[in-house]
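Working notes, structure below.
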There are 2 protein chains.
Amino acid sequence: MSLSYAILGLINYKPMTGYDLKKFFDDSINFFWSAQTSQIYRELKTWEQKGCIVSSVQASEKGPDKRIYSITEQGMESLKNWLSDMPDEVDEDNRNAFLLRLFLLSQLGVEELVFQLKKRLKKYRRDLQNLKDVEGKMQEYAHMIGKQEEVHFWKIILSRGFHDVESHIHWAEESLEYLENLPKDKPNLNN
Amino acid sequence: MSLSYAILGLINYKPMTGYDLKKFFDDSINFFWSAQTSQIYRELKTWEQKGCIVSSVQASEKGPDKRIYSITEQGMESLKNWLSDMPDEVDEDNRNAFLLRLFLLSQLGVEELVFQLKKRLKKYRRDLQNLKDVEGKMQEYAHMIGKQEEVHFWKIILSRGFHDVESHIHWAEESLEYLENLPKDKPNLNN
DNA sequence: GAATTCATGTAACTTGTTACATGATTTA
DNA sequence: TAAATCATGTAACAAGTTACATGAATTC
């Protein structure tokens, strides 16, 4: 399962708490992976039961005690095995709820489509800004995990994010233009 | 839930069987939505219980009897309501198992990364061909559901697919180039 | 004094996957 | 005669979401 190895892989960079993991997901790799707190703690529990990670409780300066998880030899072995046998076709999830809605939305009429595309365009521009923020933090994260050389590889992943957002923006702009030039008054669910 | 409305929306085009729906998912909207047979029949059952669709059994020329589902007035109402209240931020699922693997893969070394990116590039080129095939079938589908005007809107969705694949190809090519020009022999999980 | 951050979790539920079962007809 | 297509489902399980509970310390 991808999520469990995501967690193992992050802990392999550096020992972390469940809370740290949640933050890493939320404000750094969020553009290609996400996780709920409830899932994270669930996975941590099962990895620990398998002996792939160990935890120790430590008092925190602020707030409650922390439970810090570190990877074990066995965990590294597991991670390495998983990374090594990449399946021929990694089944990435293509599901896109917005595209689905848009696809069905044409049954409501063109104006709705235009309205939603305009809203989307704004969202994509916000996404672009968010990615720039992540880019800015990258160096910081690399320092945190103590591996400067990772930055080279992270740049590749981040660049994918930029390619994606830029292509979304172009698509939305093009589509709006296309719709503007369509003849009006098609029959739909409203009439 | 998106999947259930996807099903309702497709049935709204034209009465269909579970099998028809599965085919529609698989060879037409697969690039932004997918569904398992087991899910489809589950959702059909719950929509029917709610009175949003009705079914009638009909003998088939070939193979077993068909259960054909049609949308009801209530179902159209439901669909329209759902389409009308698009949430401000549609929570599309960004999870991408390949990107996650790639991100963690750098812990194994650069050669692995290069190898996987090359394989991916080939996959993206296959994706492009698949999309072209869908494009070819579009007219046919429009004819099947008896709504030629839908083609205009489907073109927008399809165009998104093309934008995506093309940006993936560019990204992979660029990233390979970037990796070729990196200094070699970084320490990793293997040493 | 209210909201945010730090920190860990549980419970109930929904959604998605994998594997199986059945059986006729058609095409290679 | 073997494989593919047509056609409908069930069962068991895995993964993901939502909502809740607790409570200290800090910032606005």
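Because only heavy atoms are used, hydrogens play no part in the values below, and waters and symmetry mates are left out as well, while side chains stay in.
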What's the closest nucleotide to the [X] side chain, out of [options]?
{"X": "B:W33", "options": "D:dA7, D:dT18, C:dG16", "value": "C:dG16"}
{"X": "A:S38", "options": "D:dT17, C:dT18, D:dG16", "value": "D:dT17"}
{"X": "B:T37", "options": "D:dT8, C:dC6, C:dT8", "value": "D:dT8"}
{"X": "B:R67", "options": "C:dG9, C:dT17, D:dT8", "value": "D:dT8"}
{"X": "B:Q39", "options": "D:dG16, C:dT15, C:dG9", "value": "C:dT15"}

State whether B:Y19 places a side-chain N or O below 4.0 Å from either non-bridging phosphate oxygen (OP1 or OP2) of D:dT8. no

Can you tell me if the side-chain N/O atoms of A:R42 get under 4.0 Å from OP1 or OP2 in C:dT8? no

Hydrogens and angles aside, do B:S167 and A:E166 bring a side-chain donor and acceptor to less than 3.5 Å of each other? no

Output field: ring centroids A:Y141/A:F24 closer than 6.0 Å: yes

Using atom [atom1] of [X] as one end and atom [atom2] of [N] as the other, report the distance to the nearest whole Å.
{"X": "B:M16", "N": "D:dC6", "atom1": "CE", "atom2": "P", "value": "15 Å"}
{"X": "B:K23", "N": "D:dA4", "atom1": "NZ", "atom2": "C1'", "value": "13 Å"}
{"X": "B:K22", "N": "C:dT18", "atom1": "NZ", "atom2": "C1'", "value": "12 Å"}
{"X": "A:Y41", "N": "D:dA15", "atom1": "OH", "atom2": "C1'", "value": "19 Å"}
{"X": "A:E43", "N": "D:dA15", "atom1": "CD", "atom2": "P", "value": "7 Å"}
{"X": "B:Q36", "N": "D:dT10", "atom1": "CD", "atom2": "C1'", "value": "14 Å"}
{"X": "B:D93", "N": "C:dT17", "atom1": "CG", "atom2": "P", "value": "11 Å"}
{"X": "B:N94", "N": "D:dG16", "atom1": "CG", "atom2": "P", "value": "14 Å"}

Does the pair B:D88/A:K123 count as a salt bridge with the N-to-O cut at 4.0 Å? no

Are side-chain heavy atoms of A:V151 and A:K155 found at a separation under 4.5 Å? yes

For a 4.5 angstrom cut-off between non-hydrogen side-chain atoms, does B:F31 reach B:D164? no

[X] near the nucleic acid: base, sugar-phosphate alone, or nothing, with a heavy-atom cut-off under 4.0 Å?
{"X": "A:D65", "answer": "sugar-phosphate"}
{"X": "A:K45", "answer": "sugar-phosphate"}
{"X": "A:Y69", "answer": "sugar-phosphate"}

Closest nucleotide of DNA chain D for B:R95 versus for B:K66: which of these residues is on the 5' side? B:K66

Ranking A:L3 and B:I68 by the position along DNA chain D of their nearest nucleotide, the one closer to 5' is B:I68

